[in-house]
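The structure displayed is predicted, hence computed values, not measured ones. These values consider heavy atoms only, across backbone and side chains, with no hydrogens, waters or symmetry-generated copies.
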Amino acid sequence: MGILIPLVSVSAFWAIIGFGGPWIVPKGPNRGIIQLMIVMTAVCCWMFWIMVFLHQLNPLIGPQINVKTIRWISEKWGNADPSKLIDN
């Protein structure tokens with residue numbers, strides 16, 4: 001249920017911009033281009049938002065590091081001693 005409110009509200013906002021925006025463009029030689037720009041802007045902004053929103057619901061898991069690689073990194077970089085990291 002928590003996902004539904006932002007999904008509907010943001011989608012409705014961009015639908016209003018995409019469908020209502022072209023109606024407020026004044027008549028002129030470039031009216032069709034301006035209307036197209038408003039619609040395309042609304043579509044692109046909504047698509048960007050929906051992709052980011054949905055990717056946050058199921059984030060990718062980081063790569064699995066081989067134990068041999070972890071040991072090599074530990075050897076080259078050195079082990080961090082937690083007691084030395086705290087200022088006394």
Chemist: Side-chain heavy atoms under 4.5 angstrom apart, residues restricted to Ile, Leu, Val, Met, Phe, Trp, Tyr: same cluster for I50 and W14?
Modeler: yes
Chemist: Quick check: is M51 connected to L57 through a chain of hydrophobic side chains (ILVMFWY, heavy atoms under 4.5 Å apart)?
Modeler: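 They do share one cluster, since a chain of ILVMFWY contacts under 4.5 Å joins L57 to M51.
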Chemist: Holding to side chain to side chain donor-acceptor pair (under 3.5 Å), I want the full list of residues that pass it with T41, two or more places apart in sequence or in another chain.
Modeler: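 Per chain and number, T41 pairs via side chain to side chain donor-acceptor pair (under 3.5 Å) with no residue.
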Chemist: Quick one: CH2 on W46 to CD1 on I17, what's the gap to the nearest 0.5 Å?
Modeler: 15.0 Å
Chemist: Do side-chain atoms of S9 reach the backbone of P6 as a donor and acceptor pair under 3.5 angstrom?
Modeler: yes
Chemist: Could you pull out all residues at least two apart from F13 that satisfy ring pair (Phe, Tyr, Trp, His ring centres under 6.0 Å)?
Modeler: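 F13: no ring pair (Phe, Tyr, Trp, His ring centres under 6.0 Å) contacts found.
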Chemist: I need the minimum non-hydrogen distance between V25 and Q35, along with the two atoms involved.
Modeler: CG2-CG, 4.1 Å
Chemist: If you group Ile, Leu, Val, Met, Phe, Trp and Tyr whenever their side-chain heavy atoms sit less than 4.5 Å apart, what else falls in with I73?
Modeler: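 Once heavy-atom contacts under 4.5 Å are chained together, I73 belongs with W72, W77.
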Chemist: Grouping I, L, V, M, F, W and Y whenever their side-chain heavy atoms are under 4.5 Å apart, do M40 and I33 come out in a common cluster?
Modeler: no
Chemist: So, for L7 and W49, which heavy atoms are closest and what is the spacing to 0.1 Å?
Modeler: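 Distance-wise, the nearest heavy atoms are CA-CH2, 3.9 Å.
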Chemist: Is the shortest side-chain heavy-atom distance between I3 and F53 below 4.5 Å?
Modeler: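 The answer is yes; the side chains approach within 4.5 Å.
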Chemist: Could you check whether atom CZ of F19 has more than 12 heavy atoms from other residues, nucleotides or ligands sitting under 6.0 Å from it?
Modeler: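 Count not over threshold, so no.
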